[in-house]
Amino acid sequence: MAKGLPKRSEDYSLWYNELVKKADLAEHSSVRGCMVIKPYGFSIWEKMQAALDKMFKDTGHSNAYFPLFVPKNLFEAEEKNAEGFAKECAVVTHYRLKNDPDNKGKLIVDPDAKLEEELVVRPTSEAVIWSTYKNWIQSYRDLPLLINQWANVVRWEMRTRLFLRTAEFLWQEGHTAHATKNEAVDETKQMLEVYADFAEKHMALPVLKGVKSESERFAGALDTYCIEALMQDGKALQAGTSHFLGQNFAKAFDVKFAGKDGKEDFVWGTSWGVSTRLMGALIMAHSDDEGLVLPPKLAPIQVVIVPIFKGEEQLNAVSEVAHKLRKELLTDDISVKFDDRDTSSPGWKFAEYELKGVPVRVAIGPRDLENGTVEIARRDTKEKKVMPITEASGYIKQLMTDIQENIYSRALNFRTDNTTEVDTYEEFKKVLDTKAGFVMAHWDGTSETENRIKEETKATIRCIPLNFKEEAGKCIYSGNKSEGRVVFARAY
RNA sequence: CGGGGCGUAGCGCAGUCCGGUUAGCGUACCUGGUUUGGGACCAGGGGGUCGCAGGUUCGAAUCCUGCCGCCCCGACCA
């Protein structure tokens with residue numbers, strides 16, 4: 001076990017918190033509920049950003065940037081959206097401080113600098129963006145408008161957790177406008193596919209695609225599509241959402257366009273986002289009691305070379321071999337760190353890089369020099385192999401793919417093992433309390449039933465799966481008729 | 001917002017009940033030396049307004065009053 005890292009089986013929550021801190025991903029800041037993302041953590045986020053950004057651009061989107069502040073009157077415009085977020089908004093009321101006349105060296109808010117209209121710190125940007133789109137869109141020729149922004153948003157959450165729920169978080173939010181309903185629906189679904197693809201191919205995280213029930217829907221949307229992932233403790237995590245907004249925001253902000261036929265109509269909208277919460281998903285899905293396990297595609301360092309040496313002479317000899325291997329790997333676009341610091345021991349470095357989730361570790365020592373070998377260890381299985389140096393780079397290159405696939409299939413197997421079909425409410429509760437995970441059950445389609453189940457068991461409908469199977473049955477709660485199973489789980 | 005906990009060196013903590021040497025331990029850090037195939041060892045060294053503000057006392061990290069902050073569990077939420 002890594003030094004000081006609690007075991008998952010003993011306290012999953014504590015394990016997670018400690019891992020985030022010990023692996024140098026993030027720490028609590030001096031501001032309640034806000035975190036500092038440290039360089040190592042941020043470089044993982046940057047890799048996620050880069051991959052997602054490319055996927056957005058490949059699907060025709062462009063980046064732009066809109067302001068952090070939303071004047072209150074704009075924020076109010078789409079009533080449901082405003083109502084949904086009102087309880088968690090930070091609000092700017094003043095624009096100046098001044099010296100406290102009664103307390104030298106201290107500042108107070110200058111009462112004379114009160115804003116005529118308060119500014120809401122964006123919890124999401126629909127309001128600012130749609131008020132801008134009004135000016136950008138006149139004709140069908142201006143459509144579709146496909147914009148994404150990378151930004152920070154603030155939601156004054158009562159209880160926060162590093163990455164999973166912080167008062168301020170980083171995300172991207174796509175906001176698109178279309179001439180027809182179908183086109184907007186297609187966009188909504190397309191972006192859900194992009195997210196699912198990203199989660200599975202890059203994060204090695206299998207996700208369920210589905211639609212939210214009415215009560216879980218984004219405030220102001222007609223439909224919310226989502227990807228849902230399963231964490232190692234059996235709890236679900238919403239990893240991304242894509243909303244079909246209908247004409248709600250177009251109507252609220254009066255965004256109309258002239259069609260080919262000369263008729264005016266409101267545009268159709270979508271919005272979609274993923275956040276630094278993905279970091280939480282990544283950490284919780286794959287890591288173990290030794291520390292992080294990162295998929296090669298997102299690992300800031302993919303391979304670390306640790307030299308074992310006594311004295312400068314040996315270090316030089318080992319370095320020569322190490323540099324050569326490093327160069328070979330770099331030409332294959334594999335990022336390599338050669339840690340030749342003589343300030344900590346090899347054993348210390350082994351543990352450190354395991355904690356940080358580096359997928360492959362290469363150790364080279366005098367013994368290897370003699371035999372023309374290296375020792376290669378993979379993080380996901382902890383398997384170690386000694387092999388001729390000549391075969392190392394080919395093997396490592398293959399490992400990049402193997403590890404990526406292995407942790408994906410491990411997560412997929414876990415999900416399969418922890419997805420249970422139940423037919424009675426008794427069974428349902430029993431599964432939740434004994435193994436948790438996704439529970440597939442019949443539901444009568446009403447919010448009343450959904451709410452009661454939530455109150456009694458804390459489980460919510462994660463989604464109505466996109467691959468919904470028509471299957472006549474009875475709702476586990478009400479006994480009323482149901483047309484198929486939906487996905488329940490306790491969630492983060 | 002309810003419940004619990006914490007605030008003492010960069011980090012992790014003890015000391016607080018029962019006031020009394022120079023506030024201590026682990027780790028990290030600095031110096032020197034020996035080490036290096038799974039978190040090395042020895043010796044020496046630096047680092048503290050004990051969360052803040054008042055009060056009690058000859059004397060406060062310790063007792064009293066007030067305040068502030070953070071964390072965890074729950075309700076709410078991405």
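Order of the sequence lines sets the chain letters (A, B, ...), proteins ahead of strands, with each chain counted from 1. This structure is a prediction, so every number in the text was calculated from the model and none was measured. Only this structure's heavy atoms are used, side chains among them; waters, hydrogens and symmetry mates stay out.
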Quiz item: A/F169 near the nucleic acid: base, sugar-phosphate alone, or nothing, with a heavy-atom cut-off under 4.0 Å?
Solution: base
Exercise. With heavy atoms under 4.0 Å as the rule, sort A/K454 into base, sugar-phosphate or nothing.
Key: sugar-phosphate
Quiz item: NA contact type, A/R367, heavy-atom cut-off 4.0 Å: base, sugar-phosphate, or nothing?
Solution: base
Quiz item: Which whole number of Å gives the distance between the P atom of B/A43 and that of B/U56?
Solution: 48 Å
Self-check item: Along RNA chain B (nearest heavy atom to each residue), the more 5'-positioned of A/L164 and A/L369
Solution: A/L369
Exercise. Using the P atom as the reference point in each nucleotide, state the distance between B/G12 and B/A28 in Å, no decimals.
Key: 15 Å
Self-check item: Verdict with reasoning, A/T59 to A/Q190, per side chain to side chain donor-acceptor pair (under 3.5 Å)
Solution: CA-CA 9 Å; A/T59 43; A/Q190 172 187 245; 4.6 Å; no
Quiz item: If you look at every strand shown and take non-hydrogen atoms under 4.0 Å, does A/R161 touch a base, only sugar-phosphate, or nothing?
Solution: nothing
Quiz item: Taking the six-membered ring of A/F438, is NZ or CZ of A/R415 closer than 6.0 Å to its centre and within 45° of its axis?
Solution: no
Quiz item: A/K384 near the nucleic acid: base, sugar-phosphate alone, or nothing, with a heavy-atom cut-off under 4.0 Å?
Solution: base
Quiz item: Between A/D380 and A/R378, is there a salt bridge with N-O shorter than 4.0 Å?
Solution: yes
Quiz prompt | Gap in Å between the two P atoms, one belonging to B/U22 and one to B/C72, rounded | solution = 40 Å
Self-check item: Pairwise C1' distance for B/G32 and B/C71, with rounding to whole Å
Solution: 42 Å
Quiz item: Which part of the nucleic acid, if any, lies within reach of A/E375 when heavy atoms closer than 4.0 Å are counted: base, sugar-phosphate only, or nothing?
Solution: base
Practice problem: Using the P atom as the reference point in each nucleotide, state the distance between B/C30 and B/G10 in Å, no decimals. | Solution: 15 Å
Exercise. Write down the distance separating the P atoms in B/U57 and B/G4, rounded off to the nearest Å.
Key: 33 Å
Self-check item: Under the 3.5 Å Watson-Crick or G-U criterion, the dot-bracket string of RNA chain B, with | for inter-strand pairs
Solution: ((((((((.[[[[.)....(...]]]].((((((.....)))))).....[[[[[..)....]]]]])))))))....
Practice problem: Using the test salt bridge (Lys or Arg N to Asp or Glu O under 4.0 Å), find all partners of A/K356 that sit at least two apart in sequence or belong to another chain. | Solution: A/D24
Exercise. For RNA chain B, determine which residues of residues 340-348 of chain A have any heavy atom closer than 4.0 angstrom to one of its atoms, and list them numerically.
Key: A/S345, A/P346, A/G347, A/W348
Quiz item: Between B/G38, B/C76, B/G37, which one does the side chain of A/P366 approach most closely?
Solution: B/G37
Quiz item: Does the ring center of A/W272 lie less than 6.0 Å from the ring center of A/F56?
Solution: yes
Quiz item: Less than 4.0 Å between a side-chain N and a carboxylate O, is that true for A/D288 and A/R379?
Solution: yes
Quiz item: C1' atom, B/U21 versus B/A61: distance in rounded Å?
Solution: 16 Å
Quiz item: Considering only the P atoms, how many Å lie between B/C1 and B/C52, rounded to the nearest integer?
Solution: 26 Å
Quiz item: Counting any heavy atom closer than 4.0 Å, what does A/T160 reach on the DNA or RNA strands: base, sugar-phosphate only, or nothing?
Solution: sugar-phosphate
Quiz item: Given the side-chain rings of A/F85 and A/F218, with only the six-membered ring counted for Trp, is the space between their centroids under 6.0 Å?
Solution: yes
Practice problem: Just compare B/C76, B/G37, B/G74 and give me whichever is closest to any side-chain atom of A/K87. | Solution: B/C76
Exercise. Name the nucleic acid region contacted by A/E88, choosing base, sugar-phosphate or nothing; use a 4.0 angstrom heavy-atom cut-off, strictly under.
Key: sugar-phosphate
